[in-house]
Amino acid sequence: MDMNEIKEIFFQECEEQLAELESGLLKLNDGDRDPETVNAVFRAVHSIKGGAGAFGLDDLVSFAHVFETTLDCVRSNRLDPGPEVLKVMLKSADVLADLTNAARDGGSVDEARSRQLIKELEALANGEVPQASAAPAEPVAKPVAAAAPPPVNDEGFQPVAFSFDDFDAAEEPPLMEMPTYEIVFKPKSDLYAKGNEATLLLRDLSRLGEMSIHCDMGALPTLDRLSPESAYFFWKISLKTDKGEDAIRTVFEFAEWDCDLEISLIEDEVAQPGEELPMQPVPFDLSILDDEPAISVGVVEEEEQLASRQQDRDAAVAAAATASNVLQMAQSATRAPAEKAAPAASAAAQSAAAQQAAASAATPTIRVDLDRVDRLINLVGELVINQAMLSQSVVENDTNGTSSINMGLEELQQLTREIQDSVMAIRAQPVKPVFQRMSRIVREIADMTGKSVRLITEGENTEVDKTVIDKLAEPLTHMIRNAVDHGLETPEKRLAAGKSAEGTVRLTAKHRSGRIVIELADDGAGINREKVRQKAIDNDLIAADANLSDEEIDNLIFHAGFSTADKISDISGRGVGMDVVKRSIQALGGRINISSKPGHGSVFTMSLPLTLAVLDGMVVTVANQTLVVPLTAIVETLQPEASAIHSFGANQRLISIRNSFCPLVDVGRILNFRAIQANPVEGVALLVESEGGGQRALMVDAIQGQRQVVIKSLEANYTHVPGIAAATILGDGRVALILDVDAIVAASRGQSLKPEMSLAAAG
Amino acid sequence: MTYAAKNLTTDGRELIAFRVGAQEFCVNIMSVREIRGWTPATSMPHAPSYVLGVINLRGAVLPIVDLSARLGMTPAEPTVRHVIIVAQVKSQVVGLLVDAVSDILTITDDKIQPTPDVVSSEFEKSFARGVLAIEGRMICLIELEAIFPQEEREAA
């Protein structure tokens, strides 16, 4: 694994951490005061900082550090996470995301913004908060001896004092007024398993000031009971430093979850912890540890020396084994420190969480290349088709109803369907990341427009195919912008209308009859129908005396080039709003609707397929060819009567539907399947809605039925065919073409069928 | 297998020979993926006349080309006796409708004679790589990539 791969993993984890960070902050914003939430937020920033440090991403580290410091104040209850504080923090989370992206893609960051936020964060951490060193409210003054647990067994082990006097920490001039901290550092086995090394931590600690250290080996069992990968020692350290408790905690920051750490301030400086215990100080020079390759040797020797004084050779060998074992791990870990650091922290976080609530244990996950999943999905698609073919041919050849075959086939059918569902579920992902992105957009636009907005998201764990999620972000962004910019009123107007100054945008996702329904509701003014109507008349979209229902007026906003904003802002109102949204939703095989109540707001409802690999289609016959028309495009089907067909011009025909005229389009003619137009009365008309908003009646010969089809690419082995979106394979094993309704409608307007008009087809 | 191995050592190449109408053609066996029977194809709108349509090849959509029509001869009327040669042309896979597969030939390059100077059209010149005299028959070696130039197929 080379550095780039490790870095890639780091950035993937960053994304997860950022998502965690944002959701945590939003929870806090909603009034959640669970310490675990604060911890989760803190850990997210901390992990990013740790990883970034390993890769030398200095901008990211310095920002994350300031952020972390402020979060630590919240964590230790020195700073109340009020709305103002959280506002700064949410912004900081955005900047942190920007910095991460910049570090990955080499883009630039708004430095002024990040500097400003650093200042704000520092102000939060310092201004309103007592100094970190004064933090512990009740300094624990009781002697360590009392705090020390009784030895587990009586093997004759006694704590040993280490002196770090020769060590580089001695450079620090010992000041009499420096507070002394008593630190009890009790590593758990996990600490070593994750590649941390107690000696190194102690060495770092010694740099903070004058330090004396005692090792308690009371827990060390006899050799036959000793497990070489367990931690038996713990240390009592007394440290004279003016750096404050935070500095001490910083030393242990990567080990925090893997050890018991007690830090207390001792007022009586003279009190030497452990003095009451009989022990022999063992001076040794830790500076040898600066020489990395020598680590293992140095410590092993040290351990041996130490143990020999305890006159127990057996245990000494064991201790040495433990130390060297651990060190080997530590050394191998240093080769990929970044990789280790972040997961270690998050794993520790998980274990901490697990202790709190065992029920919420994280389910194990694996990362799989998307290509592999797609391959599996393709194969399952084949299986489904094959099964359908088999069933069909058995039914055709089955003369005397051999029930055992039929039963077997039925079971096969159930199995294949189950396999298909399970495989599709692999690709399914919660919409959460997209929803989370929206909260940032809401914040930004609220800032720009000076409105106060609250985004409520519901059902963010609703799952949908990854391709759908990827394509959902853009239309959703447009809609959120519109909702905040146009939908919600200014705080003054809201107050005047008797609403709260803060507007609410509610984003909901849920499953409904095999589709995902996403709803975006605002509690704004609703659609100003008069204004929309007037605008539509001005833009020649409707006649001045047209009689439109409220719903029809509402839907006018989906027309191209329609924007009711009085002044063009740079947020929305460039006239490329809702029509683009509608088109991209339709391209996904979805539909979008709006309902609006004046004074109470608007609701946009999007209904999308759960996957792009399959499509609900109506199977039709045109000139002896079987075609599939996407169901989402069809508004209704009807059997034209001769009296409803009207000729228009040279060879145009219109069909009258409820007193309006709709152009008839002969699909067979457009696709060149037949030379002359078919008689409409003999066929079926499918009323479709196309991207321009106009309706057309597509003439087909007959409707065979409705079914879910697996989308197959035509382009892979052939070429793009105008008017055809993709192909599929029907139950009889034959290929059927899926109609590109928009292209057909465009062609009927006299435009030639051009390849770029087609829908993007998956598969 | 020993047969094939011998061919490799003598620098020979294997060709697959097939019949289209009354004529015999051959292509490099390395470009042939499989040979299968004819199944009715789904017509494609706006397709050139020699594209008969597409069929389902184990889940992939495979275009079928009437080689007879493509080579400027009478269009075939496909029956169950017809054969589809599934061939790889650059990155795509196409099915060639031929009357029958007749032979697998192992030849060395020196057996390939230059195309006689009788062909008139540029198109024929472009795909015919040479002729072979095998047991009194004449077999024309054709180049599939010349028959399906990428540009033309993209424009089709």
Side-chain angles (χ1 to χ4, degrees), chain A residues 375 377-386 388-389 613 621-628 667-674 710-740 743-744 747 752-755 761 763, chain B residues 31-67 69-70 75 77-78 80 82 84-97 144-145 147-156:
Chain A
R375 210 176 109 79
I377 286 179
N378 278 338
L379 283 172
V380 172
E382 298 326 306
L383 185 66
V384 171
I385 291 163
N386 232 296
M389 281 163 64
T621 313
V622 176
N624 296 325
Q625 300 288 327
T626 304
L627 294 174
V628 178
V667 176
R669 184 76 200 90
I670 293 267
L671 292 181
N672 227 355
F673 283 155
R674 54 184 160 220
V710 179
I711 297 172
K712 295 283 170 188
S713 161
L714 261 183
E715 281 88 343
N717 284 327
Y718 190 53
T719 167
H720 177 76
V721 181
I724 301 298
T728 188
I729 293 161
L730 294 180
D732 59 1
R734 289 196 58 176
V735 177
L737 302 175
I738 301 171
L739 220 54
D740 181 347
I744 298 278
S752 61
L753 280 170
K754 283 181 204 146
Chain B
S31 62
V32 176
R33 288 263 210 94
E34 66 177 281
I35 294 164
R36 68 197 311 276
W38 160 256
T39 41
T42 302
S43 326
M44 295 298 292
H46 308 287
S49 58
Y50 57 82
V51 175
L52 293 173
V54 288
I55 63 162
N56 163 26
L57 180 75
R58 287 185 301 280
V61 176
L62 181 77
I64 302 298
V65 168
D66 177 357
L67 202 58
R70 182 67 186 127
E77 277 171 29
V80 282
H82 279 78
I84 291 169
I85 298 177
V86 181
Q88 176 99 36
V89 183
K90 288 179 188 158
S91 63
Q92 296 183 310
V93 181
V94 288
L96 308 171
L97 181 82
L144 289 179
E145 293 187 4
I147 297 179
F148 306 103
Q150 214 76 24
E151 310 79 56
E152 189 179 338
R153 295 182 61 232
E154 267 159 20

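Lettering follows sequence order; numbering is per chain, from 1.
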- Does atom CZ of Arg36(B) have more than 12 heavy-atom neighbours, drawn from other residues, nucleotides or ligands, at distances under 6.0 Å? yes
- Message: Please report the interatomic distance OG1(Thr719(A)) to NE2(His46(B)), rounded to the nearest 0.5 Å.
- Response: 12.5 Å
- Do Thr42(B) side-chain atoms and Val735(A) backbone N/O form a donor-acceptor pair below 3.5 Å? yes
- Item | Nearest-0.5 Å distance, CG of residue Asn672(A) to OG of residue Ser43(B) | 11.5 Å
- Item | Closest non-hydrogen atom pair between Glu715(A) and Gln92(B), with its separation | O-NE2, 3.3 Å
- Query: So, Asn717(A) side chain and Val93(B) main chain: donor-acceptor pair closer than 3.5 Å or not?
  - Reply: yes
- Query: Which is it for Leu62(B) and Tyr718(A) under the side-chain contact (heavy atoms from CB on, under 4.5 Å) test, yes or no, and what are the steps along the way?
  - Reply: CA-CA 7 Å; Leu62(B) 181 77; Tyr718(A) 190 53; over 6 Å; no
- Pro45(B) and Leu737(A), any side-chain heavy atoms less than 4.5 Å apart: yes
- So which heavy atom on Ala727(A) is nearest to which on Val61(B), and how close? CB-CG2, 3.8 Å
- Just by modelled atom types, is the Asn56(B) backbone N or O under 3.5 Å from a matching donor or acceptor in the Arg734(A) side chain? no
